[in-house]
Amino acid sequence: MLLKEENRLVLKDGFGTVWIEPWGKNSVRVRMTRDRQMDKNDWALENSECLGENSECEIKIQEVDTTYPWAEHFDGVEKTCGQTATLQNGQLLVKVNHENWISFWKIDEKEENSAEPQLLFEEQWRNRWRIDRFCVPTNNPGRELKQCNGSFSSKATVRFEAYDDEKLFGMGQYQDSHLDKKGGIWELSQKNSQASVPFVISSRGYGFLWNNPAIGTASFGTNGTIWTAEQTKKIDYWVTTGTPAECEENYTSVTGRTPMMPDFAMGFWQCKLRYRNQQEVINVAKEYRRRGLPLDVIVIDFFHWTCQGDFKFDPEDWPDPEAMVKELSEMDVKLMVSVWPTVDERSENFEEMAQNGLLISFDKKDGFNMDWMGNTVFFDTTNPECRKYVWEKCKENYFKKGIQLFWLDEAEPEYGLYDFEHYSYHLGPAMECSNIYPYYYAKAWYDGLKEEKVELPLSLVRCAWAGSQKFGAVVWSGDVHSDFRSFRNQVQAGLSMAIAGIPWWTTDIGGFLGGDIKDEQFKELLIRWFQWGCFCPVMRLHGERPPFHTLKKPFHTVRGHEIKQMESGQDNEVWSFGDDVYQILSNLLKLRARLKPYIKEQMQAAHEKGTPVIRPLMYDFSDDPVAWEIEDQYMFGSQILVCPVMEAGITQRPVYLPVLPEGEQWIEAASGTSYKGGQTITASAPLDRIPVFTRGKLNIQL
């Protein structure tokens, strides 16, 4: 049965109730439940202001002849009637056939009214006959909710037809080398270095958001596209149509746009594992100033605290944070401090948080979430009382001492064992909502800083979900290895996150795990990574850099407990790797400073329209079929083409120059040579140079 309820098309059959409704420009939202009422969680689609754009939505329901063609061969078969429906919202047309199978079409407004709509994609049903085509009845429906044993929740599965010519971009951050996600199986869960942000843009002209934070899988096979949620209350997804840029703009209009990035954050961030006391921090900042080098942010990493979950400085190593902040401020350097969601059983806050339900609980067992450097449980970011409690602690112990920048680490959260079925949140079982944890982690600090009248809140967060961008989240790629293979993966990860709607993104330059500062091979990797980092949304140097320093005092005593201290790696400042490396890195720091006005323009576009700061070539050159194939180059803003060197020993590399409008040319930054678009050239790439091209002349010395 098909019904029109105000601005919504409703489908009711034996499989459940489906809502199809306009949700933003050229976009619709599709939901399905088997319950009496639809689950009210909007998840990533919190921006209801966009719904005012749907006044021109048109819904039509009509009666049709549903008699199968083969019925004429049988006596006594009467003509049967059924219903079909269409919902049109701008250029997006949704069709529902007589058996309630859904398909999505694009109407080209530039064409005449008689032009046929273009099929974008459709549900894949294999359990009934169709009037218009042969279908094998293997009992695989296009959408289904199967009740989980012993639960009021269901396993959700949605199946769509596959297309051989389709390419899919986005999905967030996974540690592989491919921009095109077609052919892959993608785990929908958050882990260290993995951020599941389930939005994709298709080469067929649509964008798709799986609006469900449940643990699940996305499979983009040659024989079908399948989205699953292992435990949920409903199917929920959102579809838009247009060019890649139009899809991105529509998507960020319904999930939220990033704030404007503050000027200082567009510069250089210095970080290491780890600065052990406040004098080290001051000395590093002074050395940058003595050398005349740009430095905008310096970061104090983890275990500067008395105990995990105390959320405050250890007074022995950090005796006067206010004075430290003041001295750094006088050098025009901002200070950022690390916060972890781990609460040690010995923390002064553990008992209160546990008694008030502010910690993640256990459905099937008792215990701790992590036993590294202490037995700890994560605080529950999905609980608004928890968000307020932890922020108030950080406000008292950090913000009131002058610190406004926070590094929200372990934001997945990083379970010792990813047995999600054992854990439960304020919002429900972890199986149903775990992927939204980093979203609320960023929200806690964003809301707290806004309440304290901080104009442009910003936090460094080690994970994200759809919509995290609106909370000023700078996402980084986690604890990745220091080698060229990992470097190549990070280039893909940053571009995929950008398409998934997260424009503020960074990485540990040089990689986090490993990186001997005296090793010549690592120095080459560091230079290549640093060159690329100069053309990332945020440029940040970090890493553990073994061998570690031996601690003179491996434990300290807090409230009668012996708390293990964290060691520190080797130096990780730009002068730490030898004079030859220093000369290259210092030149890149000065280049980054020259780029800041250009970067500010790109950040403004991200804020106003959702335009990614870095993006694959297909984003700007969607009419160029070759641009859809290129995975090792990208655009840094609208005018700079960046071609990183991601292999050892390389001194030249092929570069594809996308097709440009008549009269425009590509200009190689190093030589000034002009090239026509639509060709592949060989670019010189000595160790001190990253191949960079500009779209026409750029008023910046590159």
Side-chain angles (χ1 to χ4, degrees), residues 47 170 173 197 244-246 248-253 255-269 294-297 299 332-334 336 404-407 442 445-446 449-450 454-461 464 466-477 491 493-507 509 532-540 588-616 619-620 634-642 692 694-695 698-700 702:
N47 187 5
Q173 178 176 280
V197 189
E246 290 168 343
E248 195 76 36
E249 186 172 347
N250 295 344
Y251 168 60
T252 55
S253 75
T255 59
R257 300 259 164 80
T258 185
M260 182 60 193
M261 178 174 276
D263 287 354
F264 69 82
M266 304 176 203
F268 176 64
W269 301 26
L295 175 64
D296 297 86
V297 180
V299 185
D332 199 23
V333 177
K334 304 289 185 183
M336 172 177 277
Q404 297 185 4
L405 300 177
F406 294 89
W407 179 354
W445 268 256
Y446 180 83
L449 290 165
K450 290 293 283 187
V454 175
E455 185 178 357
L456 298 174
L458 174 152
S459 299
L460 183 64
V461 189
S468 288
Q469 67 274 1
K470 62 177 170 282
F471 301 129
V474 178
V475 183
W476 94 98
S477 60
V491 175
L495 295 172
S496 296
M497 282 290 273
I499 293 298
I502 311 294
W504 295 2
W505 184 87
T506 185
T507 183
I509 291 178
W532 169 62
C534 188
F535 295 94
C536 279
V538 168
M539 185 182 189
R540 184 180 61 93
L588 287 165
L589 286 184
K590 295 168 185 176
L591 170 58
R592 180 71 180 195
R594 295 195 299 273
L595 281 168
K596 284 178 75 172
Y598 174 81
I599 296 172
K600 187 172 184 177
E601 293 177 4
Q602 314 315 313
M603 291 298 177
Q604 191 71 37
H607 169 54
E608 294 177 353
K609 299 182 66 177
T611 308
V613 178
I614 56 175
R615 59 260 198 171
Y619 189 91
D620 293 89
Y634 67 96
M635 292 298 293
F636 181 58
S638 58
Q639 290 181 268
I640 300 178
L641 172 64
V642 183
V692 173
T694 63
R695 187 173 178 175
L698 191 65
N699 191 29
I700 298 173
L702 298 179

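The side-chain heavy atoms of Phe535 and Leu591, taken from C-beta on, include a pair separated by under 4.5 Å. You'll find the side chain of Ile640 stays beyond 4.5 Å of the side chain of Ile700, heavy atoms only. Side-chain atoms of Pro244 and Glu248, non-hydrogen and from C-beta on, never get closer than 4.5 Å to each other. Side-chain contact check for Pro537 versus Trp504: every heavy-atom pair is 4.5 Å or farther apart. Looking only at side-chain heavy atoms (C-beta outward), Val538 and Met261 come within less than 4.5 Å of each other. The shortest side-chain heavy-atom distance between Tyr619 and Thr611 falls under the 4.5 Å cut-off. Side-chain contact between Leu458 and Pro262: present, with at least one pair of heavy atoms (C-beta onward) separated by less than 4.5 Å. The shortest side-chain heavy-atom distance between Val297 and Arg540 does not fall under the 4.5 Å cut-off.
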Go through the steps to decide whether Leu405 and Trp269 satisfy the test side-chain contact (heavy atoms from CB on, under 4.5 Å), and finish with yes or no. CA-CA 12 Å; Leu405 300 177; Trp269 301 26; over 6 Å; no
What do the steps show when you test Val613 against Met603 for side-chain contact (heavy atoms from CB on, under 4.5 Å), and what is the final call? CA-CA 7 Å; Val613 178; Met603 291 298 177; 3.8 Å; yes
Walk me through whether Met336 and Val299 qualify under side-chain contact (heavy atoms from CB on, under 4.5 Å). CA-CA 5 Å; Met336 172 177 277; Val299 185; 4.1 Å; yes
List the steps, then state whether side-chain contact (heavy atoms from CB on, under 4.5 Å) holds for Val461 with Phe471. CA-CA 10 Å; Val461 189; Phe471 301 129; over 6 Å; no
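Rounded to the nearest 0.5 angstrom, Lys609 NZ and Glu246 CD are separated by 9.0 Å. Here the CH2-CE distance, from Trp476 to Met497, works out to 11.5 Å after rounding to the nearest 0.5 Å. Expressed to the nearest 0.5 Å, how far OG of Ser459 lies from OH of Tyr446 amounts to 10.5 Å. Distance CD/Glu249 to CZ/Arg257: 5.5 Å, rounded to 0.5 Å.
Between Asp263 and Lys596 no salt bridge is recorded (no basic side-chain N to carboxylate O distance below 4.0 Å). Contact check on Asp296 versus Arg592 returns no salt bridge, with no Lys/Arg side-chain nitrogen under 4.0 Å from an Asp/Glu carboxylate oxygen.
Residues Ser638 and Glu601 bring no donor and acceptor atom of their side chains to less than 3.5 Å of each other.
Classified by interplanar angle (parallel below 30°, tilted 30° to 60°, perpendicular above 60°), the ring pair Tyr598/Phe636 is tilted.
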